[in-house]
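Written below as C-alpha cells is the structure these notes are about.
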Amino acid sequence: MQLRDLLHKAIWSAIYLLFILAPLFALLTRALPPSRGFGTEFSIALGYSGLAIMGLQFGLTARFRYVTEPWGEDVIYHFHRRVSLIAVSLVVAHPIILLAVRSEAMVLPESIGQLPLGAIFAGLSIGSLILLVVMALWRTQLKISYETWHATHIALALTAVAAGMAHMLAWGYYQVDPWKRSLWIGLAIFWIALLLYVRIIKPLFMLRRPYRIAEVRQERGDTTTLVMRPDGHAGFRFRPGQFGWLTLWGSPFKITGHPFSFSSSAEATDGRVEMSIRKLGDFTSVVPTAVIGQRVYLDGPYGAFTIGNPADMHVLIAGGIGITPMMSMIRTLADRGDKRPLILLYGSKDWESISFREELETMQSRLELTVVHVLSQPPEGWTGESGYINADLFKRHLPPGYADHEYFICGPNVMMDAIEKALGEMKVPLAKYHSERYSFV
C-alpha cells in the first residue's frame, strides 16, 4: 500500500509540474520574437508560471478521489492554500520587475482612457488575486461567514484567471505563433472543464444519490449527531477516520458544502453514515434544527487519515471535536473484534463537555481500550490528568517502544503542532503519526 501511494504521489507530482512548466517552455520553441533583456524576459516567465499555477488551482479543489487518495484531501487543500501564495507572489513580481528595469510596457499614457486593454486586464487580475488572498488569510478577523467567503472566493478566482488569460492574449508578444496561442487557449478550456466538473457534473451524480436523516441525536459538548441513510441506493463504503462534504439544505448545486468526519463504524452494512457536529458558529449553529426525514447530500469519502498500517497498537489523540474520526475508528475496531491495544488521549475543557463520554466507558469492555481524559478546567477533587497533552503525559501512559506505535492526532491546530513536536522529540518517525486538520480555508 505504501509503495503504491509513493508511486501515485510521484506520478501526480510530475503531472502537476508538467502542466506548470510545459506551457512556459513551449513559448521558447518555434519562432521567437526579438529578445528584450533578461529582466523583462524573467518577468514574463514569472507571469506565465503564476498564471499556470492559478489555473491548476481549479484541479486541486476538484476532489478527484484517485488523485487525492495518497495524500488526503486536507493535505491537498493546505497545498492549495500555500501554492496560492506562490502564484500571487509570481504574478505581483511580474509588473514590479518590469517597473524596476524600466520596461517600455510599463510607460503610462497621458490619460487613463489611453491605457492598453492588456494593462486593464492585468490590473483586474492582480487586484482580484490580492483581494482573494486577503479574504482567505483574514476571514475570521474580517468577520466574513464561510458561505460568503466561499462564494466570493470562487468569483474572485474566476475573475483573476480570466483576466490573466485576457491580459496575456491581448499583449500577445509570445502569442503571435498560432500553435502557442492554441496551447494556452486549450489550457484555459481545460481549467474551465475542471470547474464545470465540480459545479455541474459531480452535483448531477450526487442529485441521484440523496440521503435521508434517520435520527438527530444530541451529544454532550454542544454536539449533534446526524444519522443518515441512503435514499434509493446502496450508499458508499468508507474507511474509519475519513470524511465527506455535507449539503444539509438545498441541492448539491449549492456553492458551499461543509466537510465533516464520519463518526460511525465503517462496518455498517446498510449504508448508514453518521456525522457528529459541534456548535461552533455559522453553519454548525443551525445543525440541531435538522429534522428526521430531511433530504441531504453527501460527497465522499475522502481523506487518508485512517487506520490500516502495521502497528503493535494505536494511539488516538483527540482535542475537542477532534474526537469524531476517533469514534469512527473505535467503533469500527470494536465491530471487527480487533484485540490490539488501543489508547485514547482525549483533551477536553471540562468533565461535562466530553462528547461520547458514556459510550467510551462501555467500549472499554469490547476492546483493549484505555481512555485518558485530560481536562484544561478540571472540577474540584479531580485526580486525573489536567492541563494539556504533552510528551511527559505520553511517557506516563504509553508503553516503551514509542516508535512502534501508530499515532492519530486531531484537534485544534495549536494542540496538534505541540503534539507533533513532542512526538519528534520522542524519536517517533513521521510515517508513524497522522494528522487531520479541519481548516479548508
Do Phe260 and Phe243 have their ring centres less than 6.0 Å from each other?
-> no

Is the side chain of His314 donor-acceptor paired with the backbone N or O of His405 at a distance under 3.5 Å, no angle test?
-> no

Side chains of Ser263 and Thr324: donor-acceptor distance under 3.5 Å anywhere?
-> no

For residues 294-308, tabulate all N or O donor-acceptor pairs below 3.5 Å that involve a side-chain atom, not counting sequence neighbours.
unit_1, atom_1, unit_2, atom_2, d
Gln294, OE1, Val291, N, 3.2
Gln294, NE2, Leu248, O, 2.7
Arg295, NH2, Asp231, OD2, 3.4
Asp299, OD1, Tyr302, OH, 2.9
Asp299, OD2, Arg63, NH1, 2.8
Asp299, OD2, Tyr302, OH, 3.1
Tyr302, OH, Arg63, O, 3.4
Tyr302, OH, Lys202, NZ, 3.1
Thr306, OG1, Pro240, O, 2.7

Do the two ring centres, one from His94 and one from Tyr48, sit under 6.0 Å apart?
-> no

State, to 0.1 Å, how close Ile76 and Leu60 come at their nearest heavy-atom pair, and which atoms those are.
-> CG2-O, 3.2 Å

Please work out which of the three classes, parallel, tilted or perpendicular, describes the rings of Tyr146 and His150, given edges at 30° and 60°.
-> tilted

Within a reach of under 6.0 Å around NZ of Lys421, are more than 12 heavy atoms found that belong to other residues, nucleotides or ligands?
-> no

Side chain to side chain contact (heavy atoms under 4.5 Å, CB included) between Thr224 and Lys279, worked out = CA-CA 8 Å; Thr224 301; Lys279 183 178 179 180; over 6 Å; no

Output yes when a side-chain donor or acceptor of Arg217 lies under 3.5 Å from a complementary backbone atom of Leu226, and no otherwise.
-> no

Does the ring pair (Phe, Tyr, Trp, His ring centres under 6.0 Å) test come out yes or no for Phe79 and Tyr16, once each step is laid out?
-> CA-CA 12 Å; Phe79 176 74; Tyr16 181 82; 5.6 Å; yes

Begin from the C-alpha positions of Asp350 and Ser353 and carry the test side chain to side chain donor-acceptor pair (under 3.5 Å) through to its verdict.
-> CA-CA 6 Å; Asp350 53 52; Ser353 65; 3.1 Å; yes

Have Gln242 and Ser261 got a donor and an acceptor in their side chains that come within less than 3.5 Å?
-> no

Can we say Arg331 and Glu267 salt-bridge, meaning some charged N sits less than 4.0 Å from an Asp/Glu carboxylate O?
-> no

Would you confirm whether Thr289, through its side chain, and Val286, through its main-chain N or O, come within 3.5 Å as a donor-acceptor pair?
-> yes

Are any of the side-chain heavy atoms of Val216 and Val287 separated by less than 4.5 Å?
-> no

Flag the pair Tyr407 / Ser435 as yes when at least one side-chain heavy-atom distance between them is below 4.5 Å, and no otherwise.
-> no

Within-4.5 Å side-chain heavy-atom neighbours: Ser125 and Met54 | yes

Side chain to side chain donor-acceptor pair (under 3.5 Å) between Thr225 and Glu219, intermediate numbers included = CA-CA 7 Å; Thr225 294; Glu219 315 280 3; 2.8 Å; yes

Does the side chain of Ile330 come within less than 4.5 Å of Leu333's, by heavy atoms?
-> no

Give a yes or no on whether the backbone of His80 and the side-chain of Ser84 come within a donor-acceptor separation of less than 3.5 Å.
-> yes

Can you tell me if Thr159 and Ser128 form a side-chain donor-acceptor pair at under 3.5 Å?
-> no

For Ala318 and Leu344, the nearest pair of non-hydrogen atoms, with its separation, is CB-CD1, 4.4 Å

Ile97 and Phe42, any side-chain heavy atoms less than 4.5 Å apart = yes

Verify side chain to side chain contact (heavy atoms under 4.5 Å, CB included) between Thr152 and Leu131, making sure each step is shown before the conclusion.
-> CA-CA 10 Å; Thr152 308; Leu131 185 57; 5.9 Å; no

pair Phe253-Leu207: side-chain heavy atoms closer than 4.5 Å = yes

CZ-CZ distance between Arg272 and Phe262, expressed to the nearest 0.5 angstrom = 13.0 Å

Say you draw a straight line from CE of Met168 to CD1 of Ile185; how long is it, rounded to the nearest 0.5 Å?
-> 8.0 Å

Could you walk me through whether Met415 and Ile419 pass side chain to side chain contact (heavy atoms under 4.5 Å, CB included), step by step?
-> CA-CA 6 Å; Met415 182 204 86; Ile419 291 172; 3.7 Å; yes

Working to the nearest 0.5 Å, report the span between OG of Ser145 and CZ of Arg139.
-> 7.5 Å

Do the side chains of Leu316 and Tyr346 get nearer than 4.5 Å, heavy atoms only?
-> no

Passes side chain to side chain contact (heavy atoms under 4.5 Å, CB included), Met228 versus Glu274? Steps please.
-> CA-CA 6 Å; Met228 296 162 284; Glu274 295 181 14; over 6 Å; no

So, for Leu195 and Phe58, which heavy atoms are closest and what is the spacing to 0.1 Å?
-> CD1-CD2, 4.2 Å

Please check if the side chain of Thr332 supplies one atom and the backbone of Ala266 the other of a donor-acceptor pair under 3.5 Å.
-> yes

Answer with yes or no after comparing the ring centroid distance for Tyr77 and Trp245 against a 6.0 Å cut-off, counting only values under it.
-> yes

Rounded to the nearest 0.5 angstrom, the CD1-CD1 distance for Ile53 and Ile20 is 4.5 Å

For the student: nearest non-hydrogen atoms of Pro230 and Gly235, plus distance | CB-N, 3.8 Å

Can you check whether Ile126 reaches Pro95 side chain to side chain, under 4.5 Å on heavy atoms?
-> yes

Check: Thr148 side chain, Ile144 main-chain N or O, donor-acceptor pair, under 3.5 Å = no

More than 12 non-hydrogen atoms from neighbouring residues, nucleotides or ligands closer than 6.0 Å to OH on Tyr197, yes or no?
-> yes

Residue pair Met165 / Trp191: nearest heavy atoms and the distance that separates them = SD-CZ3, 3.8 Å

Smallest heavy-atom separation, Ile389 atom then Leu393 atom, equals CG2-CD2, 4.2 Å

Applying side chain to side chain donor-acceptor pair (under 3.5 Å), run through Ser355 and Arg220 and close with a yes or a no.
-> CA-CA 5 Å; Ser355 299; Arg220 289 181 179 273; over 6 Å; no

Which distance, rounded to the nearest 0.5 Å, do you find between the CG of Leu129 and the CG of Leu124?
-> 10.0 Å

Find the distance between CG (Leu194) and CD1 (Ile189) and round it off to the nearest 0.5 Å.
-> 12.5 Å

Under a 4.0 Å N-O cut-off, is there an ion pair linking Glu215 with Arg229?
-> no

